[in-house]
Amino acid sequence: MSSNTIRQKQQRQPESTGQFIRSVAKVTGGTLLGLTMLSSAIVAGGLVGLAVSFRNLPDVRVLRGYTPSETTHIYDIKGKLLASIHGEANREVVPLDKISPQLKRAVIAIEDSYFYAHNGVNVGAVARASVANFSTGRTVEGGSTVTMQLVKNLFLSPKRAFSRKIAESVLALRIEQIFKKDQILELYLNQVYWGHNNYGVQTAAQSYFGKSAANLDLAEASMMAGLIQSPEALSPFVDLKSAKKRQREVLHRMAELGWITPQEEEAARKQSLKLGKITSFQKSDMPYVSNAVVQELTKKFGRDAVLKGGMRIQTTIDSKLQRLAEDTARNWIGRLNNMGVYADQMAIVSVDPRTHFVKAMVGGVDSSKSEYNRATQALRQPGSAFKPFVYYAALASGKYAADSTVYDSPVGYPDGYEMYYPQNYDRTFGGAMPLRRALEMSRNVPAVKLGQEIGLNKVVEIARSIGVKSPIDPVISLPLGSVDLTPMEMAGAYATFASNGWYSETTLIAQVSDSSGNVLLDNTPKPRLVLDPWAAASLNDVLQGVVSRGTGTAAQIGRPTAGKTGTTSSERDIWFVGYVPQLATAVWVGNDNYTQLGQGATGGGFVAPIWREFMSQALQDVPVEKFRPASDFDRP
């Protein structure tokens with residue numbers, strides 16, 4: 001049955017106001033004087049209320065541009081839903097033609113069966129309610145039309161008073177002058193509260209029956225319509241017996257109006273319903289991702305727009321890799337403790353060097369215990385994992401190649417009122433050696449010497465060009481990682497090495513659109529060449545040596561791999577950051593309180609195996625690809 005059919009069936013109301021008052025007098029046994037006084041009081045009060053209302057009530061024309069708050073949905077790169085977030089209202093707006101005809105009929109039948117016949121106020125219903133409430137001394141009957149209910153939800157407080165009813169009536173009449181009936185019904189169905197923090201028909205249908213509002217059948221629609229009267233008390237999740245009883249009332253009213261047949265009523269009453277589940281309060285399955293997305297977008301659009309704007313956010317995350325990274329962190333933290341490395345936290349970040357899209361991001365071992373995101377918020381010293389920034393600067397200067405000689409010999413530099421004497425991890429010196437070998441074995445002294453020769457400000461400049469935004473002081477020990485960076489910054493920077501110097505802004509967000517499909521943000525990669533290709537390719541070659549025969553041999557995965565270990569002198573932070581041409585991953589291990597991890601805790605010994613296990617699985621279906629050799633590019 002269409003809306004037009006409902007309109008045709010809704011004839012003139014069966015009795016006039018005068019007829020109704022006479023019938024009330026008969027029922028209550030009131031005298032003509034009492035009835036006259038009642039009528040006079042209603043009229044007088046109404047006139048006073050109307051006078052005030054017309055002067056102070058809001059302008060209903062604002063509804064022409066009204067956009068109700070909507071739930072924002074976050075998806076992975078392939079369109080899988082990761083999280084739904086909202087403010088106080090969990091809502092997804094749908095047009096009227098995307099709502100089941102059965103539900104539209106059921107709602108009108110039980111809430112306002114003369115909806116298409118009145119002009120916003122059902123005089124007979126209001127009069128009946130007024131007399132009923134007057135005779136009992138309390139509010140026992142509403143008499144509100146769908147239009148009046150919409151007014152109450154949008155403009156007025158829920159306080160029950162005669163003056164509010166007058167205001168409702170005035171605004172309802174105004175709305176009916178401006179909007180068509182179907183527009184009003186669409187607003188109402190998307191605005192009304194259905195229980196369990198579901199606002200609007202779409203989220204309610206998904207919660208109660210696990211389906212779209214467009215697909216509700218008669219049995220489901222009649223139960224949903226019955227909830228409007230008292231959503232929480234009548235919820236089938238709370239009291240199925242009461243929900244079924246109310247459903248029967250709705251079906252009976254629909255049959256009474258002739259909108260369904262007795263056979264349809266009986267079939268719907270007997271139909272077994274498959275309930276969904278309460279979804280509006282569920283947390284994200286990937287809180288580190290969803291929280292980081294909200295933080296990033298809040299800076300750009302504001303918190304209200306993110307929580308209430310009905311955004312459709314496509315992240316760059318690959319759910320499969322994300323799950324793998326989460327499992328890796330959770331499983332390995334216990335294994336490390338059993339191996340004598342007393343760490344309580346781990347962060348893993350994977351970035352695609354071709355796009356700088358973040359494919360996986362784990363900010364901690366257990367998000368249920370701590371949602372602090374160590375991947376994006378924790379500033380930790382990278383130790384020797386910072387050395388590639390220095391070695392790239394040396395290669396890009398044109399003064400060095402991979403096989404150039406550097407000297408691992410004692411040296412001292414003035415540092416304020418003292419002298420700074422860099423030392424190697426094993427407290428020995430290796431003398432003259434190829435630059436390649438110095439980085440493969442992570443010798444400290446050559447890195448410090450190169451930093452001084454090339455200039456630490458140049459090193460800082462290079463770090464900035466590939467996405468490092470954290471504060472960096474050009475102190476003498478900077479080449480050894482005496483700076484605080486995030487795992488996200490390290491993964492993004494190494495991804496730029498992997499791409500031979502092509503850089504895009506590292507991001508978790510691919511695209512954002514509104515609920516109508518209008519694109520609000522498009523992060524299609526816009527790569528630009530920020531590093532010298534020859535120097536980057538030479539660095540990639542040297543860092544492959546770190547994995548094949550240096551400190552990172554535990555990271556070998558049977559394909560060309562580059563990377564660097566990181567261990568701080570205080571043994572508080574251990575790292576491995578490595579990559580293949582298609583994926584760069586940073587793994588950090590440490591304690592939130594900065595306590596030592598244990599004697600002998602190194603990135604090569606304990607973090608490289610974690611990286612190897614994750615990457616071996618992450619790259620199972622990814623073709624083996626070699627790095628481009630430096631000979632493909634012109635030397636600076």
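Along the sequence shown, residues carry numbers from 1.
Between Lys564 and Glu440 there is no salt bridge, since none of the side-chain N atoms of the basic residue sits less than 4.0 Å from a carboxylate O of the acidic one. The residues Lys320 and Asp621 are annotated as salt-bridged, a charged nitrogen and a carboxylate oxygen being separated by less than 4.0 angstrom. Ion pair Lys359/Asp318 not flagged as a salt bridge, since none of the NZ, NE, NH1 or NH2 atoms sits closer than 4.0 Å to an Asp/Glu carboxylate oxygen. A salt bridge links Arg335 to Glu613: one of the charged nitrogens lies within less than 4.0 Å of a carboxylate oxygen. Comment: Asp632 engages Arg628 in a salt bridge, judged by a side-chain N to carboxylate O separation of less than 4.0 angstrom.
Side-chain atoms of Ser616 never come within 3.5 Å of backbone atoms of Ile557 as a donor-acceptor pair (strictly under, hydrogens ignored). In this structure, the side chain of Ser482 engages the main chain of Ser477 through a donor-acceptor pair within 3.5 Å. Counting only distance, with no hydrogens or angles, the side chain of Glu70 and the backbone of Val93 share a donor-acceptor pair below 3.5 Å. In this structure, Gln556 contributes its side chain and Ser548 its backbone to a donor-acceptor pair below 3.5 Å. Using a distance-only test at 3.5 Å, with no hydrogens or angles considered, no donor-acceptor pair links the side chain of Ser384 to the main chain of Ser442. The closest donor-acceptor contact from the side chain of Ser370 to the backbone of Ser367 lies at 3.5 Å or more, if one exists at all. Looking at Asp514, its side chain does come within 3.5 Å of a backbone N or O of Asn518 through a donor-acceptor pair. Without hydrogens or angle criteria, Arg91 side chain to Thr71 main chain gives no donor-acceptor distance under 3.5 Å.
Applying the side chain to side chain contact (heavy atoms under 4.5 Å, CB included) criterion to Asp473, with sequence neighbours excluded, gives Val475. Partners of Ser569 by side chain to side chain contact (heavy atoms under 4.5 Å, CB included), not counting sequence neighbours: none found. Tyr420 is linked by a ring pair (Phe, Tyr, Trp, His ring centres under 6.0 Å) to nothing, counting only residues two or more places apart in sequence or in another chain. Judged as a side chain to side chain contact (heavy atoms under 4.5 Å, CB included), and not counting sequence neighbours, the contacts of Gln423 are Tyr421, Arg427, Phe429.
Rounded to the nearest 0.5 Å, atoms OG1 (Thr507) and CG (Asn523) are 4.5 Å apart. With values rounded to the nearest 0.5 angstrom, Gln377 atom CD is found 5.5 Å from Tyr372 atom OH.
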Expected list for residues 529-543: side-chain donor-acceptor pairs under 3.5 angstrom, two or more places apart:
from, atom 1, to, atom 2, distance (Å)
Asp532, OD2, Trp534, N, 3.2
Asp532, OD2, Ala535, N, 2.8
Ser538, OG, Trp534, O, 2.9
Asn540, OD1, Tyr579, OH, 2.6
Asn540, ND2, Phe497, O, 3.0
Asn540, ND2, Asn500, OD1, 3.3
Asn540, ND2, Ala536, O, 3.4
Asp541, OD2, Arg436, NH1, 2.8
Asp541, OD2, Arg436, NH2, 3.0

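Each salt bridge (Lys or Arg N to Asp or Glu O under 4.0 Å) pair with one or both residues in residues 372-395, not counting sequence neighbours, appears once here: Arg374-Asp592, Arg380-Asp573.
Summarising the local packing, CG of Asp426 is surrounded by more than 12 heavy atoms from other residues, nucleotides or ligands at distances under 6.0 Å. No more than 12 heavy atoms of other residues, nucleotides or ligands shown are found within 6.0 angstrom of NZ on Lys626.
Just one of Lys300, Gln511, Gln314 meets the side chain to side chain contact (heavy atoms under 4.5 Å, CB included) condition when paired with Leu521; it is Lys300.
A parallel orientation is assigned to the rings of Phe389 and Phe386, their planes being inclined by less than 30° (bins at 30° and 60°).
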